[in-house]
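Each chain gets a letter, A, B and so on, in the order its sequence line appears, and its residues count up from 1.
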Amino acid sequence: MSQSQDTLATDIATDLQLFEQMQFLRLFADKVDTLYRQGVTRGPAHLGQGQEAIAVGAASVLRRDDWSIATYRGHAHALSRGAPAAAVLKELLGRVGGICAGKGGSMHITSVEHGYVGSYAIVGAHLPVACGLAWASRIQRSERVTLCFFGDGAVNIGAFHEALNLAAVWALPVVFICENNGYMEYTPIADVIPVRRPAADRAPAYGLEPIAIDGNDVTAVRAAVGTAVDRARAGAGPSLVEAVTYRFGGHSCADPGDYRSPSEVTAAKARDPLLLTRTALVSAGVSDSELDAVRARLEADVQALATEALAAPVHDPVTAWSDMWSDGSASWRN
Amino acid sequence: MSQSQDTLATDIATDLQLFEQMQFLRLFADKVDTLYRQGVTRGPAHLGQGQEAIAVGAASVLRRDDWSIATYRGHAHALSRGAPAAAVLKELLGRVGGICAGKGGSMHITSVEHGYVGSYAIVGAHLPVACGLAWASRIQRSERVTLCFFGDGAVNIGAFHEALNLAAVWALPVVFICENNGYMEYTPIADVIPVRRPAADRAPAYGLEPIAIDGNDVTAVRAAVGTAVDRARAGAGPSLVEAVTYRFGGHSCADPGDYRSPSEVTAAKARDPLLLTRTALVSAGVSDSELDAVRARLEADVQALATEALAAPVHDPVTAWSDMWSDGSASWRN
Amino acid sequence: MAKLTYRDAVSAALAQEMARDERVVLIGEDIRSGGVFKTTRTLFDTFGPDRVWDTPISEEAIIGAAMGAAMAGLRPVAEIMFADFYATCWDLVANEVAKARYMTGGQISLPLVIRGANGGGLGFGAQHSQSLENWAMCVPGLKIVAPSCAADMAGLLAAAIRDDDPVLVFEHKALLGTSEELGEVEHLVPMGSARTVRVGRDVTLVALAVTVGMCVQAADELAAAGIDVEVLDLRTLVPLDARALLESVRRTGRAVIVEENPGQLGWGAGIAAIIAEEAFDDLVAPLVRVSGGNIPLPVARELEQEARPSPQRVVAAVQDVMAARGRRPVAPSLS
Amino acid sequence: MAKLTYRDAVSAALAQEMARDERVVLIGEDIRSGGVFKTTRTLFDTFGPDRVWDTPISEEAIIGAAMGAAMAGLRPVAEIMFADFYATCWDLVANEVAKARYMTGGQISLPLVIRGANGGGLGFGAQHSQSLENWAMCVPGLKIVAPSCAADMAGLLAAAIRDDDPVLVFEHKALLGTSEELGEVEHLVPMGSARTVRVGRDVTLVALAVTVGMCVQAADELAAAGIDVEVLDLRTLVPLDARALLESVRRTGRAVIVEENPGQLGWGAGIAAIIAEEAFDDLVAPLVRVSGGNIPLPVARELEQEARPSPQRVVAAVQDVMAARGRRPVAPSLS
Ligand SMILES: Cc1ncc(C[n+]2csc(CCOP(=O)(O)OP(=O)(O)O)c2C)c(N)n1
Ligand SMILES: Cc1ncc(C[n+]2csc(CCOP(=O)(O)OP(=O)(O)O)c2C)c(N)n1
Ligand SMILES: [Mg+2]
Ligand SMILES: [Mg+2]
């Protein structure tokens, strides 16, 4: 699903493609939520309805061999890079064919083959890892860029600070993207920071420009991330982009999210990234029925995925003992 | 050695007192260096020649019950709060009567009785602890203020970031004082930060004013820290003060410090805080001979301290097994 | 008499101690709204903003704040949401909190508690399922509490809060919903005394937290096969009730240690070492451990089960131990 | 033939591997100027700025950078100056590096080494003297190397760099100045094979790193008293050469495990547990450990000595074990 910067165009075909990708992510997430409620998924699941424009817009400016790395709320990032949805869904259900062989689950979806080097479940921990990916690009004289996604809550953990500082000092080709959805688990980010914008207002502490964008506007995301990626590729160092958005659901499927007022949620939904793109497409002349058809097709796709995943067998317990050491075994002693 | 803010005057008597304190710290550190070279101290020792104005100036604006907390380079901070020099020296020599009973050594000098709640040897770790001391003041509705000293190298570790953020969000009565001596162990701080001033340029990330002062000018330190302490006491929250200084010696007694050019060191010594205060006093009419007499008296004092400490017995091994748990024992099982 | 869940036992003990001593304050992430595991429900409403503090996602700041406040005379209870996150503040826990009293020659006292969710079994994956009592046991200076039932949860947490040393309380995720009838008495169970959950003659099962239930279940099965099993719940690893442990093993002559920690170096190894040194002469069979696998915990149900201890594995281990060619101490006159 | 110190063995192995494989890069604090322990001397001059990187004081960034770079095809060697500082980046080490391969179903390979100064004896105090192999052993997914001599230092570090799994190398501060004559051959000692330092009949001393020398010294003294001691240097805890361990203990029937870790839960407990389970029938005496004290390490010389293992304590332990009322397996026909 990636395309390189030089083909970055804001024509209708592109917008349609972005719309379709976002629509797919939304339907996929809704399906996961349903499966969770049916009790057929395994473990917690953190969904991203409302935040799709960030994953899709950012991935759209990448080259095939660029890296992305994100959090437990990472399904959209994996899929936007091209990870096979069937394998992702099987992982969520704990079935054979799961993308991490049943060992990672929802919070650790990874598809190295597609440049998505993983979902990390400890807040902030992957930011230093992103530095390492980008550090390798420098040493290898490679043009590979690393995109690192994290939430607003991550800006207060030590690893964020260490990573931003190192990236800036070493002028690493990494773009840090803060998905500011206004909340940590149940607590508003505004309650725990002494600045207004969690990421942008901290950029200057690392010698970086403050960048804050509308994270629900996929075109704005493409533009801002595109510029940052170009800079990184050109050797001009890292950027920190704050993309303001909202999560429509709870923190995870287990959370009703009722610490937010209904009016707040309703207001946020008026700025649904899907709606925004759809409105733009319609006013550019695309018909509602064409967009409805896209949606219907994707609904069928997602339903087929679910049917396939639910038909897959559960794991053979003995496979717990593989993938541990580089020799394939799990033996630490003779 | 503390005095409250309302008696903060820049008269000659005060300057003389500050001079005397700094002179004592210098002679004490020089003596420790000699004893280290004689092989009679135990473990590493991190001295602060050249940085005395910070410890002395800051302590001079505190009340008796305020807290200070600092690093392994903490002898000056302990002594400035009134910790008994004999007990400190015995600790450095590993003799009975040592202020931490032989258990802490040079890097962990502590005198809770004097409000000096410790020297911490892991870079950055005590900044969150300082938050806790100050948090207690808020809960207890106490006017107690916490002063937290650390080096320029500490601004890049996660704990710094977490502590500054928490202090700012909770408006804690704590003053963070970065003793910027230009170096970490062997590496210049400028090599590892993307901003010019390690602390001041990061203050805005925590909603704080950037404050940078001449850390060799004891009067400037008194003024800046005095203001910050007043603010904290009045409930206006934390401050971050960067005091620019230089360490004349190596990182520790084991380090010749030869990664700095001789000319750099010479230039720095021209701004010796002792020299600056002495010059000010002389131009205010104090005679050189009076100041020499102070020095001579303190030299004798320090010599007497060394003699006393060297005469103290070594520790009884069995005392290793006390001070472990609150019941005084070291037993973790029955 | 009302039933109390293990989950509510946490908030009950916190409420009891907060009412008893106003120096007890809570600090952690999302605790005002009741906590991610609902273990701090109602406390903010009851005790207000000066007693219950929500923090940024800053585990080092949380532990540092608790430590500093304890130095200044409070008795903080810090929540680390999942024990796995101890790794993000391990320097504060292992290098500062655990060592402050000793390093300062006894000048500093740290009456503080750190509590949070521990253990596996719910498909939370490798970074949210670890059972980490062993990390703490590697560090002298930390007391370690890991309750197996609601009554112990309430009583040991209360005792931990009253203790003048730092205590880590491990609340097992898989036990949160278990419940028990408790009287209207004060919750208080002293640390350092093991509990004999079941008396038996043939073999001692040494257990902790979630493995206590597994051992009881195994014991029931084994009883049907004529094997009389004793189950000992250690309750706290530090202080350790080594006396009760050794007394039991000396009596039965056999021990199976059942731990959720990875066997590579779990708390069970520490227990095995003590028995092998101090009760050796009374042992009639090899010391066997049933441990967590030496792998990160996988998520898929079948895989996670494979990597954790279970009643079935306990039964099998006991059968092995009972079948072992017996050994008896050589009588002094023969040696 | 030139003598090589343990300290110089570190830089020699690094230089050898950097010359051999340009993917090997170094990252750490103050390493360009040779390192605080002078273990990276000359490497910056030889290999230049693309291969040797000085960092801010940011241990999480150091380990994260090494991890990310390893994912991207490099073979980084990160220095954590003192093992105690692992606590500041334990999340990256224990929750990320150790688990990445497994959690992703084998998609990620992390050929990286983390090395640094470990252990006590020099009066560095509680936060700079810990011996922390036990922390690592609690975490499946980390290989653990702790060399006892210059030859092993060079050879095992080289092997660690060539290994495709994450390896933690513990360089003992008190051994840095020790030296040994080494040939001009390539430094390479495979991980996972213990070394019999001294052959003996009566008792096996199980040792690692600094305790190997203590055991050899004790063995010499005990020989004079007619006790024939075997000394086994485990060299690596993961992978563990359990076969060599068990073979030796089965032969001697007695073991004393000598560790610098605190006895509360040191690596020695893991070893004791294995012996008590797998060589039980051959044991004729209790398993004894000589461990570090269960206190933070104090600074004053007399206090620090009191809290550490020593040849004297080993001698005393062996004498106890030899004096223990012997036990022999009960013969099958008698049981
Ligand atoms: C170090 C750490 N602390 C706490 C948690 C528990 N936790 C998981 S997600 C989360 C909130 C994160 O908020 P944010 O960064 O804004 O991301 P979002 O979930 O909104 O995408 C918390 C506190 C964690 N996983 N890691
Ligand atoms: C977390 C951590 N990393 C590394 C060290 C080793 N170390 C001790 S002091 C020091 C330099 C600190 O520099 P700075 O903060 O500027 O303080 P200064 O020594 O100049 O007073 C380093 C790297 C440490 N003690 N803790
Ligand atoms: Mg958020
Ligand atoms: Mg400095």
- Query: Counting heavy-atom pairs under 4.5 Å to chain C, which of A:Ser106, A:Gly98, A:Gly43 comes out on top?
  - Reply: A:Gly43
- Query: Would you say A:Tyr259 and C:Ser33 make side-chain contact, with heavy atoms under 4.5 Å?
  - Reply: no
- Message: Counting heavy-atom pairs under 4.5 Å with chain C, which one of A:Gly105, A:Gly94, A:Pro44, A:Gly153 comes out on top?
- Response: A:Pro44
- Message: Looking at chain C, which one of A:Glu91, A:His108, A:His251, A:Arg333 has the largest number of heavy-atom pairs inside 4.5 Å, strictly under?
- Response: A:His108
- Task: Output yes when a side-chain donor or acceptor of C:Glu302 lies under 3.5 Å from a complementary backbone atom of A:Pro317, and no otherwise.
- Result: no
- For residues C:Met81 and A:Glu185, determine if any side-chain heavy atom of one lies less than 4.5 Å from a side-chain heavy atom of the other. yes
- Query: Considering residues, nucleotides and ligands other than A:Glu113, do more than 12 of their heavy atoms fall under 6.0 Å from its CD?
  - Reply: no
- Taking atom CG of C:Leu265 and atom CH2 of A:Trp332, what is their separation to the nearest 0.5 Å? 8.0 Å
- Query: By a 4.5 Å heavy-atom criterion (distance strictly below it), what part of C:Glu29 contacts chain A: side chain, backbone, both, or neither?
  - Reply: neither
- Task: Mark yes or no for whether C:Asn294, through its side chain, and A:Ser331, through its backbone, hold a donor-acceptor pair below 3.5 Å.
- Result: no
- Query: Can you check whether C:Val36 reaches A:Tyr186 side chain to side chain, under 4.5 Å on heavy atoms?
  - Reply: yes
- At a heavy-atom separation under 4.5 Å, does C:Thr88 approach chain A through its side chain, its backbone, both, or neither? side chain
- Smallest separation among heavy atoms of A:Trp321 and C:Glu306, with atom names: NE1-OE2, 2.6 Å
- 4.5 Å side-chain heavy-atom contact, A:His315 and C:Arg301: no
- Item | Heavy-atom contact with chain C under 4.5 Å, split by part of A:Ala101 | backbone
- Note on the structure: Closest non-hydrogen atoms of A:Met184 and C:Ile57, given as atom of the first, atom of the second and distance, are SD-CG1, 3.6 Å
- Task: State, without any angle test, whether A:Asn156 and C:Ser58 hold a side-chain donor-acceptor pair at a distance under 3.5 Å.
- Result: no
- Determine the minimum heavy-atom distance between A:Ile122 and C:Asp84, stating which atoms define it. CD1-O, 4.4 Å
- Item | Chi angles and distances behind the side-chain contact (heavy atoms from CB on, under 4.5 Å) call for A:Tyr72, C:Gln127 | CA-CA 11 Å; A:Tyr72 48 89; C:Gln127 297 182 335; over 6 Å; no
- Message: Looking at every heavy atom in both A:Ala121 and C:His128, which two are closest together, and how far apart are they?
- Response: O-CE1, 3.1 Å
- The single option from A:Ile189, A:Ile157, A:Val192 that satisfies side chain to side chain contact (heavy atoms under 4.5 Å, CB included) with C:Pro56 is A:Val192
- Item | Toward chain A, the part of C:Glu60 with a non-hydrogen atom under 4.5 Å | neither
- Item | Any donor-acceptor N/O pair, A:Arg42 side chain to C:Val299 backbone, under 3.5 Å | yes
- Query: More than 12 non-hydrogen atoms from neighbouring residues, nucleotides or ligands closer than 6.0 Å to CZ on C:Arg51, yes or no?
  - Reply: yes
- Item | Shortest non-hydrogen contact between A:Asp316 and C:Leu303, atoms and distance | O-CD2, 3.5 Å
